[in-house]
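What follows is a set of notes on a single structure, which appears directly below.
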There are 2 protein chains.
Amino acid sequence: MTTTESVRARTNPSIETAHSVVETGLDSDALVTIFGECTVDYEGRAESTLGPGDRHVMCKPDGTVLVHTDEGHQPVNWQPPGCTHEVSVDDALVLRSERSTPEEELLVRFRDVEHVAAFDVTDPEELSLSGTEEDLRERVLDDPELIEPGFTPLSTERETPAGAVDIYGEDANGRSVVVELKRRRVGPDAVGQLARYVEALERDLHDEAEVRGILVAPSVTDRARTLLAERGLEFVSLEP
Amino acid sequence: MTTTESVRARTNPSIETAHSVVETGLDSDALVTIFGECTVDYEGRAESTLGPGDRHVMCKPDGTVLVHTDEGHQPVNWQPPGCTHEVSVDDALVLRSERSTPEEELLVRFRDVEHVAAFDVTDPEELSLSGTEEDLRERVLDDPELIEPGFTPLSTERETPAGAVDIYGEDANGRSVVVELKRRRVGPDAVGQLARYVEALERDLHDEAEVRGILVAPSVTDRARTLLAERGLEFVSLEP
DNA sequence: CTCTGTATATCGTGC
DNA sequence: GCACGATGTACAGAG
């Protein structure tokens with residue numbers, strides 16, 4: 001195995017060998033993984049400590065660090081993209097990752113490294129995702145009758161003092177309509193959002209007629225339905 | 001290397017060898033990683049496809065799958081805990097992960113496996129985290145004067161028709177107070193949340209005097225400050 | 001299961 | 001940089 005290979009890996013390496021693989025990997029913008037017994041300390045937006053245990057640590061060339069245990073989607077500790085890594089050896093293999101704004105530091109100490117690897121990554125592809133809120137918006141703009149007969153979209157992302165409205169338009173009677181789209185079942189927060197937009201737009205337009213607010217989502221919770229009714233807002237069921 | 005080792009790894013394995021390591025690993029509740037050129041297809045709450053490229057795939061014994069590229073904190077594709085994995089070979093190494101409620105499927109096809117590993121994980125430790133909203137609440141309960149002189153907490157998680165209030169109490173004049181805590185700078189959503197609680201509690205109490213609503217956070221955005229003023233709500237600055 | 005709210009949320013976009 | 005909203009958000013707690 002040479003450094004020109006796209007993968008450099010060692011099982012049960014010495015701390016020094018592990019250090020070499022990690023350092024070389026970080027320098028060459030490889031994706032580096034370390035598995036072994038470690039402790040983890042974090043200080044920044046919050047603070048945390050994690051006692052000794054086996055974890056899988058991934059360092060990405062963009063400065064991301066992820067510490068994974070055997071459970072859960074979420075890493076037990078991490079550092080976001082843009083951090084600077086630093087690896088050193090004392091009685092353990094030490095990985096330190098820092099950033100500023102906000103000031104944050106992650107410190108991983110490996111007593112024992114069971115596996116280390118550096119991967120050269122070539123990934124030219126972008127994820128193609130559908131079924132998002134934007135897809136839902138395009139569908140409504142293609143066929144405004146999905147909202148109600150006579151509905152006419154006038155603009156998307158219309159700016160109000162309360163933020164940008166998903167779809168702004170008019171109904172069959174020429175009344176202003178604010179449409180808020182959600183790709184999944186919504187709770188009270190979405191009602192609050194729609195209410196803010198309607199309120200802001202009524203002020204903005206100095207309109208005599210009230211502005212209608214329509215929440216478009218697959219479904220709503222009971223509490224959200226009550227809030228909609230209280231505020232005179234409407235609901236249209238639409239799957240993404 | 002034998003199966004009693006805590007790590008089983010192969011660099012540039014054949015598809016068949018990779019299949020063996022992955023299958024054995026999944027069967028023995030190991031944490032399994034695969035690195036190589038693959039495509040990824042997802043169908044469930046949304047749909048996605050990802051063309052060929054080098055990615056790092058992790059399968060956890062709890063049924064989690066994570067597909068990572070060389071960038072970002074977030075996996076490009078994933079499957080949450082509780083999924084069932086299935087690995088097979090045709091012209092590629094195929095990993096399929098499924099779950100129900102909601103019905104979701106992830107399919108990863110490796111044309112070429114550059115590295116595969118199975119790790120036995122022993123992790124007895126729990127993360128100790130501080131600086132959360134709960135810590136902030138305990139600090140306020142220990143020293144209610146942090147809110148204002150004369151404030152007396154009466155209960156936490158008090159239930160209202162709009163949900164549970166962080167801290168419910170009385171001010172020096174015996175007026176009811178709703179406190180909403182946030183560990184970081186807040187925007188309009190938090191104001192809406194507090195407003196809902198205040199409104200619900202006023203109804204609940206049939207109180208003649210208005211209920212005060214106090215947002216406690218390190219800081220607020222301009223828009224949130226405006227909304228607070230419009231609704232007659234208050235703000236107290238407090239770091240977590 | 002659903003509902004609700006928190007998160008070291010992350011991420012993208014616009015200003 | 002900050003602000004704001006979407007996310008296949010994940011996750012925990014309560015009902």
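Protein chains get the first letters and strands the later ones, always in sequence-line order, with residue 1 at the start of each.
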Dump the pairs, protein N or O against N or O of nucleotides 12-14 of chain C, anything under 3.5 Å, distances to one decimal.
none

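- Nearest to the side chain of A/Glu133, among D/dG8, C/dT10, D/dT7, sits D/dT7.
- Less than 6.0 angstrom separates the ring centroid of A/His56 from the ring centroid of B/His56.
- You'll find a donor-acceptor pair under 3.5 Å spanning the side chain of A/Asn77 and the base of C/dT8, going by distance alone.
- For B/Ala46, whose side chain is taken as the heavy atoms from C-beta onward, the closest listed nucleotide among D/dG5, C/dG5, D/dG8 is D/dG8.
- Of the residues in residues 213-240 of chain B, those with a non-hydrogen atom less than 4.0 angstrom from any atom of DNA chain D are B/Thr221, B/Arg223.
- For C/dG5, one of the phosphate oxygens OP1 or OP2 lies less than 4.0 angstrom from a side-chain nitrogen or oxygen of B/Tyr197.
- Nearest nucleotide to the A/Arg183 side chain, out of D/dG8, C/dT6, D/dC11: D/dG8.
- Side chain B/Gln79 to base D/dG8: a donor-acceptor pair is found below 3.5 Å.
- Both B/Glu47 and A/Gln193 lie close to DNA chain D; mapped to their nearest nucleotides by heavy-atom distance, the more 5′-ward contact belongs to A/Gln193.
- As rounded to whole Å, 12 Å separates atom P of D/dG13 from atom CZ of B/Arg137.
- Among the atoms of the strands shown, none is found under 4.0 Å from any heavy atom of B/Ala190.
- Among the nucleotides C/dT6, D/dG8, C/dC1, the one closest to any side-chain atom of B/Glu104 is D/dG8.
- With B/Lys60 contributing its side chain and A/Gly72 its backbone, the two residues share a donor-acceptor pair below 3.5 Å.
- Map A/His73 and A/Ala164 each onto its nearest nucleotide of DNA chain D; the residue landing nearer the 5' end is A/Ala164.
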